[in-house]
Amino acid sequence: MPQLVTAFVEATKRAYRALVPIRVRRGVRARLTPASAADPRAAIRRFDLPLPSTDPPAVGARASIRIEAPRGLFIPKELERGGVQGYEPDTMAVLLGLAEWCPGPIFDVGANVGPFALVAPALLDRPFFAFEPVPDIADALRSIVARNGLACTIEQLAVGDATGTATLYLSAASDASNSLRPGFRTPTGKIEVPLTTLDAYASRTGVWPGLLKIDTETTEPAVLRGATQVLDRRPWIVCEVLSGWTESELESQLGPLGYRYFQISDEIPLAQKAAIVGDPTLRHPNWLFAPSDPESSLWASVSRWRAAIDAAAGPATRVATSR
């Protein structure tokens with residue numbers, strides 16, 4: 001009888017993983033696993049995150065980084081559970097390949113607590129800039145960057161098509177789906193956050209990105225509307241596309257500029273698409289928008305990083321809390 005129960009439970013788990021999109025599963029886990037309020041030490045998640053290593057390894061690359069963040073935050077929990085391989089590994093490989101391959105500073109717009117804003121600076125000697133408007137999330141990212149001595153500038157800013165302030169809606173699903181768009185997710189609350197455009201930021205700082213990663217939960221077109229001068233310089237772009245929300249706007253913005261569209265998947269080289277069509281299953285939500293035809297050397301770099309990520313697969317090493 002116990003064997004039958006075990007088999008039934010395992011079959012149920014497999015069916016759940018096969019039928020329910022991964023982002024929905026993550027949201028369910030986030031809501032069902034509250035942070036502990038009884039002991040402040042127990043409310044902090046501490047672990048060492050193994051990092052992918054290429055052959056030969058990148059100069060100055062780390063073997064791991066220490067993550068310490070509030071237990072309620074979504075991405076640290078996912079990284080502890082599955083490591084770098086467990087959180088959008090195909091997109092991470094493309095981002096690392098691009099970061100290694102294309103020149104110029106790198107902007108992570110909608111950074112959350114990484115993982116790109118943590119993993120890439122730990123592996124590659126490039127200037128990184130991470131934009132995250134939620135104070136506790138930005139604080140967690142800033143603390144991890146400082147603890148590990150990473151070369152990543154944290155900007156506690158929302159990015160859109162205007163400057164000033166904006167209302168950010170805090171998602172009931174998880175902190176990974178907070179958005180400036182009202183009604184995108186059921187909110188648990190809202191906060192006022194400072195708002196900039198990429199053009200204003202680049203003009204003020206003199207930092208112009210060669211690579212943009214944009215994940216702002218359906219306001220990606222607004223980010224690009226505020227980046228006319230940035231786009232004139234033709235950065236490479238990795239962008240989330242949520243089905244039914246942004247496809248036509250992104251095409252109208254990027255098509256006239258000659259950008260090519262590639263949906264990110266596990267097939268390298270990526271296949272160019274005639275149109276931007278979001279994946280309703282959320283299995284492949286991210287796209288590469290290329291200002292020119294990708295060279296074979298880029299795909300070789302992406303493949304090398306994908307193999308390294310697979311080799312680094314596995315859960316992180318939990319760090320015991322002293323009492």
Test your reading of the model: is there a side-chain donor-acceptor pair from [X] to the backbone of [Y], 3.5 Å cut-off?
{"X": "S303", "Y": "A300", "result": "no"}
{"X": "Q263", "Y": "H284", "result": "yes"}
{"X": "D279", "Y": "T281", "result": "yes"}
{"X": "T219", "Y": "A222", "result": "no"}
{"X": "R45", "Y": "R71", "result": "yes"}
{"X": "S143", "Y": "D139", "result": "no"}
{"X": "K213", "Y": "G110", "result": "yes"}
{"X": "D199", "Y": "T228", "result": "yes"}
{"X": "R306", "Y": "D266", "result": "no"}

Inset, instruction - Mind running side-chain hydrogen bond (donor to acceptor under 3.5 Å, both in side chains) on N286 and T91 for me, showing each step along the way? - result: CA-CA 7 Å; N286 299 312; T91 300; 3.0 Å; yes
Legend entry - side-chain contact (heavy atoms from CB on, under 4.5 Å), paired with V134, selected from L168, V113, D175, L141: L168
Could you pull out the closest heavy-atom pair between [X] and [Y], with the gap in Å?
{"X": "T216", "Y": "S179", "value": "O-OG, 3.9 Å"}
{"X": "G160", "Y": "L195", "value": "N-CD1, 3.6 Å"}
{"X": "N112", "Y": "A176", "value": "ND2-CA, 3.8 Å"}
{"X": "L124", "Y": "E100", "value": "CD1-N, 4.0 Å"}
{"X": "G83", "Y": "L49", "value": "CA-CD1, 3.9 Å"}

Sub-4.5 Å side-chain heavy-atom contact between [X] and [Y]:
{"X": "Y261", "Y": "W287", "result": "yes"}
{"X": "F129", "Y": "V207", "result": "yes"}
{"X": "L250", "Y": "P221", "result": "yes"}
{"X": "R62", "Y": "N148", "result": "yes"}
{"X": "T196", "Y": "V159", "result": "yes"}
{"X": "V84", "Y": "M92", "result": "yes"}

At what distance, to the nearest 0.5 angstrom, does [atom1] of [X] lie from [atom2] of [Y]?
{"X": "I144", "Y": "E68", "atom1": "CD1", "atom2": "CD", "result": "8.5 Å"}
{"X": "E249", "Y": "L254", "atom1": "CD", "atom2": "CG", "result": "11.0 Å"}
{"X": "L288", "Y": "S265", "atom1": "CG", "atom2": "OG", "result": "11.0 Å"}

Inset, instruction - Check step by step if side-chain hydrogen bond (donor to acceptor under 3.5 Å, both in side chains) holds for E192 and T167. - result: CA-CA 5 Å; E192 294 299 306; T167 301; 2.5 Å; yes
Legend entry - Output field: ring centroids Y201/F107 closer than 6.0 Å: yes
Inset, instruction - Go through E217 and N178 one step at a time and tell me if the side-chain hydrogen bond (donor to acceptor under 3.5 Å, both in side chains) criterion holds. - result: CA-CA 7 Å; E217 303 302 301; N178 299 329; over 6 Å; no
Inset, instruction - Give a yes or no on whether I264 and I268 share a hydrophobic cluster (residues Ile, Leu, Val, Met, Phe, Trp, Tyr; joining criterion: side-chain heavy atoms under 4.5 Å apart). - result: yes
Inset, instruction - Before accepting this row, confirm whether a basic side-chain N of the pair E80/R46 lies closer than 4.0 Å to the acidic partner's carboxylate O. - result: no
Name every donor-acceptor pair, under 3.5 Å, that has one atom in a side chain of residues 231-239 and the other anywhere in the protein, sequence neighbours excluded.
unit_1	atom_1	unit_2	atom_2	d
R234	NE	L257	O	3.3
R234	NH1	L231	O	2.9
R234	NH2	L257	O	3.3

Inset, instruction - Output, in order, the C-alpha distance, side-chain angles, deciding distance and verdict of side-chain hydrogen bond (donor to acceptor under 3.5 Å, both in side chains) for T54 and W305. - result: CA-CA 7 Å; T54 58; W305 280 112; 5.8 Å; no
Inset, instruction - Name all residues meeting the ring-ring contact (aromatic ring centres under 6.0 Å, His included) criterion together with W208; count only those two or more places apart in sequence or in a different chain, and write none if there are none. - result: none
Inset, instruction - Starting from the C-alpha separation in whole Å, work towards a yes-or-no answer on side chain to side chain contact (heavy atoms under 4.5 Å, CB included) for W299 and L270. - result: CA-CA 8 Å; W299 298 132; L270 302 176; 3.7 Å; yes
